[in-house]
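Note that ligands are numbered from 1 as they come in the structure, with each ligand's atoms numbered from 1 the same way. The figures here come from the full heavy-atom set of this structure, side chains too, leaving out hydrogens, waters and symmetry mates.
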Amino acid sequence: MERKTVQITPQQIAEQRAYCDAIKRYWQAQKRTPLAFVDTYGCQQNEADSEHLRGMLQDCGYAICDTEEGADVIVINTCAIREHAEQRVYGNVGALVHTKRRHEGQKIFLCGCMMGQPHAAERIKKSYRHVDGVFNPHQLWRFPELLSTVLTTGKRVFAVEDSAGVICEGLPTVRQNTLKAWVSIMYGCNNFCSYCIVPYVRGRERSRAPQDVIAEVRGLIAAGYKDITLLGQNVNSYGKDLPEPMDFSDLLAQLAELPGEFLLRFMTSHPRDAGKKLFDTMAKYPKIAKQLHLPFQSGSDRILKAMNRHYDSAHYRELIAYARQVMPELILTSDVIVGFPGETEADFSETLKLIADVRYDALFTFIFSPRKGTPAAEMDDPTPKAEKNARFDRLVALQDGISAELHHDYIGKTVRVLIDGKDGELLTSRTEGGRLVRIKGDEALIGTFADVIITDNTTWSLVGKLKKEGEHG
Ligand code: SAH
Ligand code: SF4
Ligand code: F3S
């Protein structure tokens with residue numbers, strides 16, 4: 001059976017709006033403003049989805065609060081990427097039994113990637129009976145309808161039908177931040193890296209129409225957003241499924257040409273699909289942050305093959321060399337998995353070598369976690385847990401040393417930052433690469449870009465001073 005992306009129609013969205021109106025009237029009749037709490041686990045994609053959930057809740061008349069205690073509805077947006085993420089969800093959902101007892105009528109929903117796994121949804125249904133509703137990522141747009149059913153019938157709802165994936169334009173959004181915004185440009189993933197659950201729970205790769213993405217970004221710029229991150233599991237395969245195929249670099253260029261002062265970022269890139277055109281585009285436009293998150297996962301070609309990553313470490317190194325050639329100031333980050341099934345000490349040394357050679361600004365490090373239904377979960381895995389932990393510690397120590405050195409190297413340099421807030425007496429700001437810089441200055445500067453000379457560093461942040469006209473860093 002061929003499975004196709006489902007485009008949610010304006011009619012379907014209108015039906016959901018009608019549910020919102022009905023819920024709003026339900027609360028008006030009770031003469032109070034209900035409270036809603038949305039708790040998010042996992043990646044930026046989930047953060048972006050939670051902003052839509054908050055948007056829908058607001059349209060239903062809820063005020064958004066920041067704790068479970070006293071909330072009339074709790075939505076937990078879950079992540080399934082590693083077992084640890086799931087354990088935290090089960091633990092926290094379990095504890096909600098008591099919260100719910102203290103608040104008559106409280107409704108609890110679970111959604112997100114974990115609920116895209118039938119076995120997890122089933123466990124919630126059977127063993128967590130205080131949960132009122134469950135929906136997987138494909139059903140998110142139907143949340144008002146599900147909430148309405150629970151409120152009006154008191155029955156539990158389970159919307160977990162599988163799908164190749166949906167695209168839904170026009171969902172309301174309540175953004176968490178006034179300067180930084182997420183924009184999903186595509187959903188799902190087709191890569192099936194052998195360790196990864198994402199393609200199973202988020203469906204097939206599908207791209208939003210470029211005009212919809214451009215309109216959203218235009219709107220954000222007009223609303224004063226300065227730091228816009230384009231999201232997708234593999235942004236470099238953006239557009240392949242569109243009626244008129246278009247590639248990611250072209251979309252990026254069109255966005256970077258929009259008027260206004262803002263910075264564009266994107267994640268995540270896959271080394272198989274990222275290439276010269278992307279790096280040339282990044283280099284060409286000042287509005288594209290010189291920051292690249294390019295996960296390598298392992299330095300061993302044997303392991304990369306077993307991971308189904310479709311590149312080898314030589315190709316990866318060539319990509320980095322080219323990116324740095326056209327963007328010498330590039331800030332580079334990556335993901336790495338330690339202890340993939342069958343990883344030997346020799347494989348692991350290749351990973352350490354790659355890290356030492358590339359010298360990343362920061363690394364996101366993970367110990368392999370078997371995910372039910374993925375090929376890697378069935379692979380022979382003779383390495384003891386203690387050995388994996390020891391490797392993990394060695395890797396982290398290596399990276400910490402590199403990060404500290406790179407951090408220290410900032411002193412005396414001039415960097416462009418976006419001033420984004422206040423912390424005590426000082427203003428906080430972020431470099432293009434996302435590093436925290438504290439500076440003295442007037443609060444009125446929040447929301448503006450500035451050049452800053454770095455004067456000092458602590459372990460986690462930099463200290464700087466605003467550069468005056470004509471001053472040299
Ligand atoms: N789409 C992105 C990453 C999404 S998941 C990409 O391909 O780069 C974020 C990171 O979690 C991955 O890069 C990987 O390093 C890690 N990860 C995914 N599945 C994992 C698993 N089963 N065990 C350990 N780490 C995992
Ligand atoms: Fe997972 Fe690989 Fe897809 Fe990233 S590219 S989401 S690691 S399957
Ligand atoms: Fe987790 Fe789903 Fe993101 S599994 S990492 S929330 S795509």
Ring centres under 6.0 angstrom apart (Phe296, Tyr311): no
Sphere of radius 2.8 Å around atom 2 (Fe) of ligand 3 - protein N, O or S atoms inside: Cys113 SG
Atom 5 (S) of ligand 2 [closest protein heavy-atom partner, distance rounded to 0.1 Å]: Asn191 ND2, 3.3 Å
Residue part near ligand 2, for Pro199, under 4.0 Å between non-hydrogen atoms: side chain
Cys196 near atom 1 (Fe) of ligand 2 via N/O/S, less than 2.8 Å: yes
Within-shell test, Ile197 vs ligand 1, heavy atom, strictly < 4.0 Å: no
Under-4.0 Å heavy-atom contact with ligand 2, by part of Cys193 that carries it: both
Element-labelled atoms of ligand 1 that are located less than 4.0 Å from some non-hydrogen atom of Gln297: 12 (C), 13 (O), 14 (C), 15 (O)
Closest protein heavy atom to atom 19 (N) of ligand 1, given as residue, atom name and distance to 0.1 Å: Tyr195 CD1, 3.3 Å
By side chain to side chain donor-acceptor pair (under 3.5 Å) - contacts of Thr229 (at least two apart): none
Atom 22 (N) of ligand 1 - nearest protein heavy atom and its distance: Ser369 O, 2.8 Å
Closest protein heavy atom (residue, atom, distance) for atom 9 (C) of ligand 1: Asp335 OD2, 3.6 Å
Nearest-contact summary for atom 7 (O) of ligand 1 - protein heavy atom, Å: Arg309 NH1, 3.6 Å
Mode of Met114 contact toward ligand 3 - side chain, backbone, both, neither (heavy atoms, under 4.0 Å): neither
For ligand 1, the portion of Arg371 having any non-hydrogen atom under 4.0 Å away: side chain
Which segment of Ile81 sits under 4.0 Å of ligand 1 when only heavy atoms are counted: both
Atom 7 (S) of ligand 2 [closest protein heavy-atom partner, distance rounded to 0.1 Å]: Tyr195 OH, 3.4 Å
